[in-house]
Amino acid sequence: MTVLPITIAVLVTGGVYLMLQAGMVRIIFGITLLSHAANLVLLAAGVSAWRGEPLVNRLDADTAADPLPQAFVLTAIVITLAVTVFMLAMAVIGNDDDTLHVPDTGEEHTQ
Amino acid sequence: MTLAWLLVALATVAAATPLLTRWWGRNAGFPVAAAFVGLAVSVVPLGRVVLDGEVVTESVTWVPELDVSLALRLDGLGLVFVMIALLIGALVFVYSTRYLKPGRQLDFYLLMSAFTLSMVGLVLADDLILLFLCWELTSLASFLLIARSGSGGEAASTRTLMVTFVGGLALLVAVAVTAVATGTTNLTEALTSPVWADEPATAGLVAALVAIAGFTKAAQFPFHPWLPDAMAAATPVSAYLHAAAVVKAGIYLLLRFSAAFHDVPLWNVMLLTAGLFTAGLAALFAFQKTDLKKLMAYSTVSQLGLITATIGVGTEAALKAATLHTIAHALFKSGLFMMVGVIDAQAGTRDLRRLPPLRRKMPWSYATVVLGTASMAGVPPLLGFVSKESIFTAMLEAPGPSWAGPAALAAAAAGAVLTFAYSARIVTGAFFDGPRDDDEITEAPPLLLVPAAIPIWVGLPLALGVGVLDVPVGQAVRAMAGAGAEIPHLSLWHGFNVELLTTMVVLALGVLTVVRRESLGRRLSADLLPTDGAGVISFLVRRASLTGRWLGDLVEADHPSRHVVPPLAVLGLLLLTGVWALGGDGTVPPPVEGLWTWVDVGLLVLVTIGVVGVAVTDSRVGGTVFLGAVGIAITVQLFALGAPDVGLTQLLVEMLTVTVIMLVLRKLPVRFGLPRRPHRRWSLVLAVLVGSGMGFATWVLTGRRERSEVAAYYVAESKDVTGGDNIVNVILVEFRALDTLGELTVLGMAGIAIVAVLATVRQHLLDPGTDHQREPSFRPRHHRGRAVDAQAHAALTDAAANAVPFRLLLRVLVPALLLVSALLFWRGHNEPGGGFIAALVASIAVALHYLAQPTDVSVGPPALPRVLIGGGVLVALGTGLVGLTAGSFLAPLSGYVLGTKLSSSLVFDLGVYSAVLGLVVVTLELLGAPRADQHGSGAQQRAMEEAR
């Protein structure tokens, strides 16, 4: 019995559901949930039975958590921030995407 | 003078053209021509070595991992082509000084000299990769030279590029197959490899690919249309590229690979049939043309067909004939192209129907053109006669059944009759027939005429003393057919034989076409085909792009469900069934004890509430609140898992994300608008499938092992290696700094992409005025003319007054946050903190400062985000380069300053800090409220649009 897989299942379910909806903002919300889930999967791979903080000066070798997945997740969080912000900028461009109207980018397209 | 220096010198000439053209304008052609002649002279000592039967090779290692080197090799064949490229080039450059309009003409001289460099590199290359690179460079130079001739050249240059890139791709595949099959990228070794004899299938494949590549460059059917198309380019370009160089690159390739493929049947058949067919067809087209330049283009295609077919015969005599005709053709055709330019410049037209009889007004031009066309038609005693005779000799040796030789000779002879016919038409059309209004026309200035005439007139003494060419051509053939090859001697007079008889028949029939030229011209003037090559290429390109659009429509969608549903469904099924199969046979070890705590359960409940909320709500703000709640729960979960750094980062990122979402939501409608019920139901089914699959997989595949070696290493050793206590941080900035550099770059790219994308969108489309529509709907109540609750109203509507307490608070808060940020940054090596977290804290200070303003203000100067992002990436890269001194990229350097151990990773972390801050500043600047001035201009634009 363990809890993290259930949390992950809930997050993925919500994320996938939102990703399938129309409208950029919902898709962004869905991807945010999915990244939470992915981060938890990475940490679960480091075995959640050991939860000691990986700081050498207060380290207990028996309970210390695996630091490598943590480094991965830290990187992933910051990249998620970058991607989310970028997608939010795209959502602004499509600010009337719910009305099925293609926004005018102001560019002239010649065939 | 070594070969490498020859290339360096040519590159220097190309690099000097901006200066030369600045000083001398179009006269820059003189120094360039002088340099080319000088270089040609300087090659002579090497040439003597080559003519004595030696080979000059040089090699510089280039990519040792792939065993690719900058290998150069000068043999007889290379020498012939180097001399053609340099000497004809020099003449064309002199000619250009008078042909081009006065002015700087930088692009012309730069591209032409760069082209010469790539052409010489091509014929000197002794490495397949180098050969391919130079091949593509000649294609590009040719494309640019056609494209520079203005709007008329645009479509033509694109078509040329399409065709030559087909050949480039074929050559690329051929090079790859050759390198794999022979195990070397050295050209000489590859061509003499025994593989070609042992594996006929490979030999056939590569031979066909090389032949296609050669056909595209040398304008052989069905790739020929680009050459007439390319006549949009200026005449000097045509004279050089389309008579002497680019097209000869195709011939060079075919000749060079003859060494390996001269007895591969597929090679013989392809070259012979395509060459002879092209020779005849193009000669017919040439006769139909009245534009002299188009005529010359088709004539070139036809002559190249003759050479290609001769190469296809593959015997020593044939290769000799092909080489000789290549030289002869380069001479007379470049001269004739330039003469067309002379006629065009003097008479104002190059249309045969409109040209007056020029022979009295332009006697020297007349004599030169007659000589050039006579050489082209194969009239004795000119070089074209000698080479065409030897081609006829070669045709008789065509491999295959006994009728192949005579048939090939007959086809070549038929082409030769047509060649005579169109050659004569040039002379009669330009100098005899036509209306008589030639008062204005004068002979061309010497500087225009002489460079055009030289290559033509040289053909006369060369033919009389053709023995001079015996050694160079012989050495060229030995380069292809082996050092011991028996080379027949060249001579003007071969005695009475079949070839001479053929020539006499050709000349007799040719003269007949001249006599009957009027009726013949009438009969042949109608178009033979409903369209021309350019039309076919355009049609193919149009079809291809239509097909592409159709294919694109299949997967195009306004929301991603069409893309993501199939992979997600497959993923869910795979996870469930795959993991089930894996866990079913009892090999999965039991879970470790103590994987969960009661905190996890509490957080699961919170996360579930948040996820359900964000999924079902119709309000954007509501969704954001639920999303933030999930984020906070996840943060707590991270702390609970013993990841303080990750937890801190998550918390700060969560705050920033919510801030940015709120900024964005101001520009969006209030509600999402819920989708139809069936859509929601199917979404939920798929979501549950994937979600349960992920959960199941996580349960089965994680938490069932002992501590990994890597983890044990980090826990035990990282303090000693880096001196840092915070293992996660030292992994980020020292052990796996390359990952972090990549992440940094992604961050920077996101920021710059936002700037770039939003810069293309008009401001009023980003801010469609929703602010005004969403003004608070209540008005201050009035009682007897006085507002009631005026203060309450002001607190809600007056932004300036509203933000006062906030700003007061920030006077304390911002410095405190910046101090915290600095502390976090400093202690990151040993305690939770580091560049990311510190930068996120500083970002929050920036965001608070921004949010506290009553109107939109700039966070900093406009260039600030770019400086922060670019500077951050550069600092990180610079630290990495400094690390090279310590052994490897990004290797940390450390030392003691004032008793504290400092590491260069701190500087790296500073780069991280700067880039993260840059991204946040960009976001606030661009996604925040519109500026007053920008809004004004947006409104102005709208007004202007309405007025239109």
Contacting region of [X] [heavy-atom separation from chain A under 4.5 Å]:
X: B:Val688; result: both
X: B:Ile727; result: both
X: B:Thr624; result: both
X: B:Leu919; result: side chain
X: B:Ala640; result: both
X: B:Val710; result: side chain
X: B:Glu593; result: backbone
X: B:Arg705; result: both
X: B:Leu684; result: both

From [atom1] ([X]) to [atom2] ([Y]), nearest 0.5 Å:
X: A:Glu53; Y: B:Asn726; atom1: CD; atom2: CG; value: 9.5 Å
X: B:Glu743; Y: A:Thr75; atom1: CD; atom2: OG1; value: 4.5 Å
X: B:Thr923; Y: A:Phe86; atom1: OG1; atom2: CZ; value: 11.5 Å

Of all of [options], which one pairs up most often with chain B through heavy atoms under 4.5 Å apart?
options: A:Pro54, A:Gly14, A:Ala76, A:Gly52; result: A:Pro54
options: A:Leu40, A:Asp66, A:Thr80; result: A:Asp66
options: A:Ala65, A:Gly30, A:Ala45, A:Pro69; result: A:Ala45
options: A:Val83, A:Asn39, A:Leu33, A:Thr84; result: A:Leu33

Quiz item: Could you go step by step and tell me if B:Val564 and A:Val16 meet the side-chain contact (heavy atoms from CB on, under 4.5 Å) rule?
Solution: CA-CA 9 Å; B:Val564 298; A:Val16 169; over 6 Å; no

Leading residue by heavy atom contact count with chain A [cutoff under 4.5 Å; candidates [options]]:
options: B:Val660, B:Leu732, B:Val592; result: B:Leu732
options: B:Val922, B:Thr657, B:Val614, B:Leu648; result: B:Val614
options: B:Trp682, B:Phe639, B:Tyr714; result: B:Tyr714
options: B:Ala750, B:Gly631, B:Pro644, B:Gly572; result: B:Pro644
options: B:Phe735, B:Phe626, B:Phe836, B:Phe696; result: B:Phe836
options: B:Leu603, B:Thr597, B:Val612; result: B:Thr597

Name the region of [X], side chain, backbone, both or neither, that has any atom closer than 4.5 Å to a heavy atom of chain B.
X: A:Thr32; result: side chain
X: A:Thr7; result: both
X: A:Leu55; result: both
X: A:Leu88; result: both
X: A:Leu43; result: side chain

Practice problem: Decide yes or no on side-chain contact (heavy atoms from CB on, under 4.5 Å) for B:Gln637 and A:Leu4, but give the supporting numbers first. | Solution: CA-CA 9 Å; B:Gln637 178 74 76; A:Leu4 270 188; 3.8 Å; yes

Practice problem: Show your reasoning for whether side-chain contact (heavy atoms from CB on, under 4.5 Å) applies to A:His36 and B:Gln650. | Solution: CA-CA 10 Å; A:His36 288 323; B:Gln650 176 67 50; 3.3 Å; yes

